[in-house]
Structure formats: structure tokens, C-alpha cells
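Excluded from the calculations below are hydrogen atoms, water molecules and symmetry mates; all remaining heavy atoms, backbone and side chain alike, are included. A, B, ... follow the sequence lines: proteins, then strands. Residue 1 opens every chain.
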Amino acid sequence: MISLSLIRKSDLWYSFTRSRSAMVAAIVLAMLILTAIFAPLIAPQNPYDPAQLDMWKSELPPIWDQLGEWPYVLGTDTQGRDMLSAILYGTRISVVIGIASVALSLLVGLSLGLVAGYFGGVVDNLLMRFGDVLLSIPTILIAILVSTVVRQMLPPELRDVGSSAVLVLAITLSGWVQYARTVRAQTIVERSKEYVQAARLLRVPARRIMVRHILPNTLTPIMVAATLNFGMAILTEATLSFLGIGMPPGQPSLGTLIRIGNQFLFSGLWWIVLFPVLQLCLLVVSVNLLGDWLRDALNPKLR
Amino acid sequence: MLVFIIKRIANAAMVMLAVALLAFLIFRLAGDPVELMANEQMSQADRDNLREKLGLNDNFATQYARFVVNAAQGNFGISYRNNQEVLGLIAERFPATMELVLVATFISLVVGIPMGVITAIQRGKWYTESLQFLSIIGVSLPSFVVGILLILVFSVSLGWAPAFGRGDVVDFGWWSTGLLTSSGRAALILPAIALSLYQITLIMRLVRAEMLEVLRSDFVKFARARGIPRWRIHFRHALRNCLMPVVTMTAMNIGALIAFALITETVFQWPGMGMLFIQAVTFIDIPVMAAYLCIVSFIFVFLNTLVDIAYAVIDPRLRAR
């Protein structure tokens, strides 16, 4: 267990154990993600399986209400869908889309930023101009337009199945510029340092210099940005689904659940909207608290 | 100086040309406009006529050039959905969105600045720490969630404020305002709060960070030595030195706020540009989508350029760049 003791001795772990909010956030986030991953084992019902939905059990309030019924702990919606199960499965979709879009925008942003910063010149100019244009359009607008247009380009029978992929693409396109800029700025600083010049003299191929030598030195600010962007990605997905251009009602994410629940806001069925809202808040707040802590912990000025 | 201004404006124009290209590409990618506009009974000859009339037989560059020239004159074509001029549709709803955005900006300044000052000067007290913690939650809550929670508490449970619509409006030429009627003001409260919450937390954090820096400077120490009362030092001398970045951020964020208003408008059924855009998205009404994209980006780029030029006028060091 060498790696574990290494982690225990690191500065980051020390600062983690000193920060109460970071620890609480990490525990909450771990629980949310674990229950989402194991949703099929924990959830009382499979909300995607119409055979398991019981119309007689629809619109049940939560269990602590007099009319509540076991095992529908958080009540049911108008289709007789168990809210707890729907939320667990919805969190699963939200988390998967969040992770996938952060990973994809990291891949795109890091490689473009490295190439632009290392080679400079025309490539650099073109990429950064393109980035400028994207930054002059509000991100939510890019995400809405990309997901609408790409969905429109898909054949109709693929539109529902492909919606998660479309969302990942839309969030990636609105988010990669930030990584590319950060890495590019750092790469330009690192490029002129002696270790890079030494590697060049030794005729190390450019790709190897970029990936093995420069990239590791740019990762600190990227880690913070990636954590905060994970929260942003979940929010963007939820917003798109809420607006009706994200996940379809057949595979509801948290945003879709809130969209569905929003229709019953005035009919007294408050639990259909409130619980997905709380779950979404819990998820994003814990991610952002961790990101906030990470930013301070990795900031050399604050040490 | 003049060179700087010209350069900056040319840059903005380039960005707008690129945005127009993106808007134009939406037309190209989202399918054949003739198919989207035509109804079932339309004959092939009618379709060909329509295609010729829309200029779809010309090459890419010609079509793009025509799009840019038309867009610059405010001609964004005719909506696929209800056969009205796109510009007229947007102009009709523009006042509602601007009113919402400006009121939200006002609220965020009035609430955010004092909160920032207090969290900076009372650092370490339990209430400022909890405000700081709450600000992270404020940043994390998506605006549609804030809207739903506000409706749930203040409209459904307490019944204090209406949850949708704009109330009665008064017309001044092409501008309509809800600020002059009581139902208009009541309808504005919840959406404006929902839209301003994120902005409040941003301004509060910015003012706090700036204040902490200014309070360490010599002139504040000197003011203390002169025996000037505390509140006067904080609110007159120190705060004044923090306001520059706040004004900048507020001006730059108005563009983003217009875009974000589309979410708030959807939640509160507010009849603004954003709701028009979302309806256009559901019906794939591309002229409206493209026009909205161009107009919002134009406001965004315009304000950014204005702020940059204003900075250069105030601070000569920035002109060299």
C-alpha cells in the first residue's frame, strides 16, 4: 500500500482533513454517486419498465404523510412512478453525462491548447480566434443551439436514443475553450524553460515533449477547472432537459424530472418537483464546495 | 488612442461576422428550409419557386453575404411558424426582457455591494462566514431551480406574488413597461429576484475580494490615523476604490444575463425574447433562432467593446496593448 501512505503524507490530504466543508462535501458526493451507480440494486422499482408502474398507486404523497404507502418513500408521480427510484436513476444519467462531457472537453481542450501553445503561429491564431468567437456567445446559448441543430440532423428514430450523446457534444462544445486557454497560456511559459529545450536538443519528438514533459506541469489549474466544470456540466444538462431539449421523458435525468414536476406545481403535488430539485442542488453544491476547496488548497499564494 | 479604438471596433466586427457565419450555418445544417416551410399539398413547381425566391440556388458565399447584409439592416426574414417579420416579433418582446434584466441588475448591485463590504470588514464573524458559505450555494443553484422554489414558497404556499405573466403594461411608442402598474410591478418581483440571485453572489464575492485588498493599503491606514469614523472610511474611501471592477463586470454581464433570462422567462412564463426563442427552438423556427443569436451576441460584444474603450480612455497604460 505504498500509494495510500503517499496520499496520506501529501499536502493536499492534510489540507483536506483540515477543511470541514470539503470533507462533508466529499462524503455527500461519494454517497450520491454510489447510490446512483448501484441504483438498479437499491431502487424499489425500475422506473423505465412500464410493466412495473401501477396506475392505482399514482400521486401518492411521501411516506410521512398519512396517505403515504410503503415502499414509495418519497411518493409517486402521476404515472405511478416511484419518486425515489426515478431520482436515483435520474442522478445516474446526470452524473454519467457530466463525467462524459468533462472528459471529452478535457481531451479536446488539452490537445488543442497544447498544440496551439507549443507551435504558435497560424494554428495558434486560428484556434484562439475561434475561441474568442465562442466566448462572445453565452455558453447556455451555444449548448441550446448545438443540441437543437445536431438533434435535427439525426434521423428521427435516433433522436431519443442519441439524446445523451447530443447533450455531451453540446456541453463539450460550450466548455472546451476554457481548458484550451489555460493550457495554452501555461504551455507558452513552459516552452521556453530549460528542461523543454534540453528535451528538444535530445531530439525528443514534439508529441512526446508535449504529453510527457509539458502537460504534467499544466495540470494543477486544470484540476480545479475540471472539478468546477463537472458541476457546471450537470447544471447545463439539467437546464437543457428542463427546457425540453435534453433527455426525453422516457429516460428522465434530474432536469427532465423537474420539467415534468413543474407542470404539477399548482396542483398540490409538491413532492414531484421538490425532491428532484433538492437532489440536484445537493449534487451541484457538494461538487462546487469541493472545487472551491481545491482551488484554495492548490493556490500557492494562500499556503 | 484613435488607433486603439479603431482596432478594437474592427476586432468586434470580425467577431460579429463569425457569429453571423454560425447563425447562417444553423440554416444550412438544420435541414432544407423549403421542406420546413412547405405544407403537404404544395406542388413541386411551387417548391421550386419558393426555393428560387429564398435564393437557395445561389452558392454558399453569395447566400452568406446576403444574410450578413440583411442582418445588418435588421432584416432576419420571416418566421417559419407564424409568417411574421422576425425583427417585429423580437422588437415586440425586447422591452419585457430588458426591463427584467435591468431590474435584476439593479437589485444585484443594491444587495450585493453592501453584502460584499460587510463580509470584508467583519471577516471571521459567524454571520459573515455563513454568508460566504451561502454564496457558494447561490452560485450552485441553477436559475430554474431558484425560480421553482420561489414560486413554490411565495406563490403556491403564501400567495404573495403572481407566478406567471407580466401583469398590465403601459405603452410608450414601441416600448412597453410594466413598472407603472401595480400588477406589472407585482409580476416583476419573483422573476427579477430569481435572475439576480446568481449576480448578487458574484458581486458580493468580487466586492469582498477587492475590499480586503484595499483595506490593507496605506491610504486607509492614514485615514484611520486621521481619526475619520470607521463607516466613513469603509463606505466612502475604500468602497470607492472597489467600484471600478464591479461596474465593469456588471456592464459585461448584462449580455450574459439577457441570455440567462431565457430560463427565468420559461419558468415564469414571462413574455420576453427568451420565451420567443425557446418556442422557436421547439418548433425549429430557424429565422427566429438565428436572429436571437445575432442580437444577443451583438449586445454582448457591443458592451465588451464599450467597456474596453472606456478603460483605455481612463487608464492610458492599457492603450499600448
Side-chain angles (χ1 to χ4, degrees), chain A residues 21 25 129-130 132-142 144-153 228 231-232 234-245 254-255 258-259 261-262 265-268 270 273-274 276-278 280-293, chain B residues 11-12 14-19 21-23 25-31 36 133 136-149 151-152 155-157 163-164 253 255-260 262-263 266-267 277-278 280-282 284 286 289-290 292-294 296-298 300-301 304:
Chain A
S21 65
R129 288 295 132 217
F130 185 57
D132 280 349
V133 173
L134 282 188
L135 285 182
S136 60
I137 307 172
T139 46
I140 186 74
L141 214 52
I142 301 179
I144 291 176
L145 290 172
V146 171
S147 64
T148 317
V149 172
V150 174
R151 192 180 315 242
Q152 196 59 26
M153 288 161 72
L228 291 172
M232 273 306 287
I234 291 176
L235 279 190
T236 311
E237 186 278 322
T239 306
L240 290 179
S241 296
F242 173 76
L243 293 174
I245 35 189
L254 287 176
I258 296 171
R259 175 187 171 78
N262 195 28
L265 211 53
F266 292 97
S267 44
W270 52 271
V273 67
L274 190 63
V277 161
L278 290 181
L280 180 66
C281 295
L282 210 57
L283 188 63
V284 180
V285 168
S286 54
V287 171
N288 280 0
L289 280 175
L290 266 185
D292 232 47
W293 159 76
Chain B
N11 199 356
M14 287 302 292
V15 170
M16 277 320 294
L17 274 181
V19 170
L21 180 63
L22 289 182
L25 280 177
I26 300 175
F27 278 97
R28 276 292 171 120
L29 293 174
L36 286 166
F133 180 78
I136 296 182
I137 296 182
V139 172
S140 310
L141 289 184
S143 50
F144 69 95
V145 160
V146 176
I148 290 175
L149 291 178
I151 291 179
L152 210 54
S155 294
V156 178
S157 303
F164 51 83
N253 269 8
L257 221 50
I258 293 176
F260 269 98
L262 69 90
I263 304 163
T266 312
V267 176
F277 174 69
I278 289 299
V281 164
T282 3
I284 322 287
I286 297 162
M289 286 164 66
Y292 181 82
L293 172 66
C294 290
V296 170
S297 302
F298 177 75
F300 202 77
V301 171
N304 271 343

### Message
Under the criterion side chain to side chain contact (heavy atoms under 4.5 Å, CB included), I'd like the reasoning laid out for A:Val277 against B:Leu152: C-alpha separation, chi angles, the key distance, then a yes or no.
### Response
CA-CA 12 Å; A:Val277 161; B:Leu152 210 54; over 6 Å; no
### Task
Please step through side chain to side chain contact (heavy atoms under 4.5 Å, CB included) for the pair A:Ile144 and B:Tyr292, ending with a clear verdict.
CA-CA 12 Å; A:Ile144 291 176; B:Tyr292 181 82; over 6 Å; no
### Query
Which is it for B:Asn11 and A:Arg129 under the side chain to side chain contact (heavy atoms under 4.5 Å, CB included) test, yes or no, and what are the steps along the way?
CA-CA 10 Å; B:Asn11 199 356; A:Arg129 288 295 132 217; 4.2 Å; yes
### Task
Would you check, one step at a time, whether the test side chain to side chain contact (heavy atoms under 4.5 Å, CB included) holds for B:Val145 with A:Phe242?
CA-CA 10 Å; B:Val145 160; A:Phe242 173 76; over 6 Å; no
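Only the side chain of A:Leu145 comes within less than 4.5 Å of a heavy atom in chain B; its backbone stays farther off. For B:Thr282, no part sits under 4.5 Å from any heavy atom of chain A, backbone or side chain. Proximity to chain A is limited to the side chain of B:Val296, based on heavy atoms less than 4.5 angstrom apart. Of the two parts of B:Leu25, neither the backbone nor the side chain holds a non-hydrogen atom closer than 4.5 Å to a non-hydrogen atom of chain A. With a 4.5 angstrom heavy-atom cutoff, A:Val273 touches chain B only via side-chain atoms. Using a 4.5 Å cut-off between heavy atoms, B:Leu22 contacts chain A through its side chain alone, with no backbone atom that close. When heavy atoms are compared at a cutoff of 4.5 Å, B:Val281 approaches chain A by way of both its backbone and its side chain. The contact between A:Leu280 and chain B is made entirely by side chain atoms (from C-beta outward), counting heavy-atom distances below 4.5 Å.
Between A:Pro138 and B:Gly255, the closest heavy-atom pair is CG-O, 4.3 Å. When every heavy atom of B:Phe300 is checked against every heavy atom of A:Leu135, the shortest pair comes out as CE2-O, 3.3 Å.
Rounding to the nearest 0.5 angstrom, the gap separating the CG atom in A:Leu274 from the CG atom in B:Leu149 is 6.5 Å. In this structure, the separation between OG1 on A:Thr239 and CZ on B:Phe260 is 7.5 Å, given to the nearest 0.5 Å.
In this structure the side chain of B:Leu21 never reaches within 4.5 angstrom of the side chain of A:Val133, judged on heavy atoms.
Among the candidates A:Ile245, A:Leu289, A:Asp132, the residue making the largest number of heavy-atom pairs closer than 4.5 Å to chain B is A:Leu289. When B:Leu141, B:Ile263, B:Val267 are compared by the number of non-hydrogen pairs under 4.5 Å with chain A, B:Ile263 comes out ahead.
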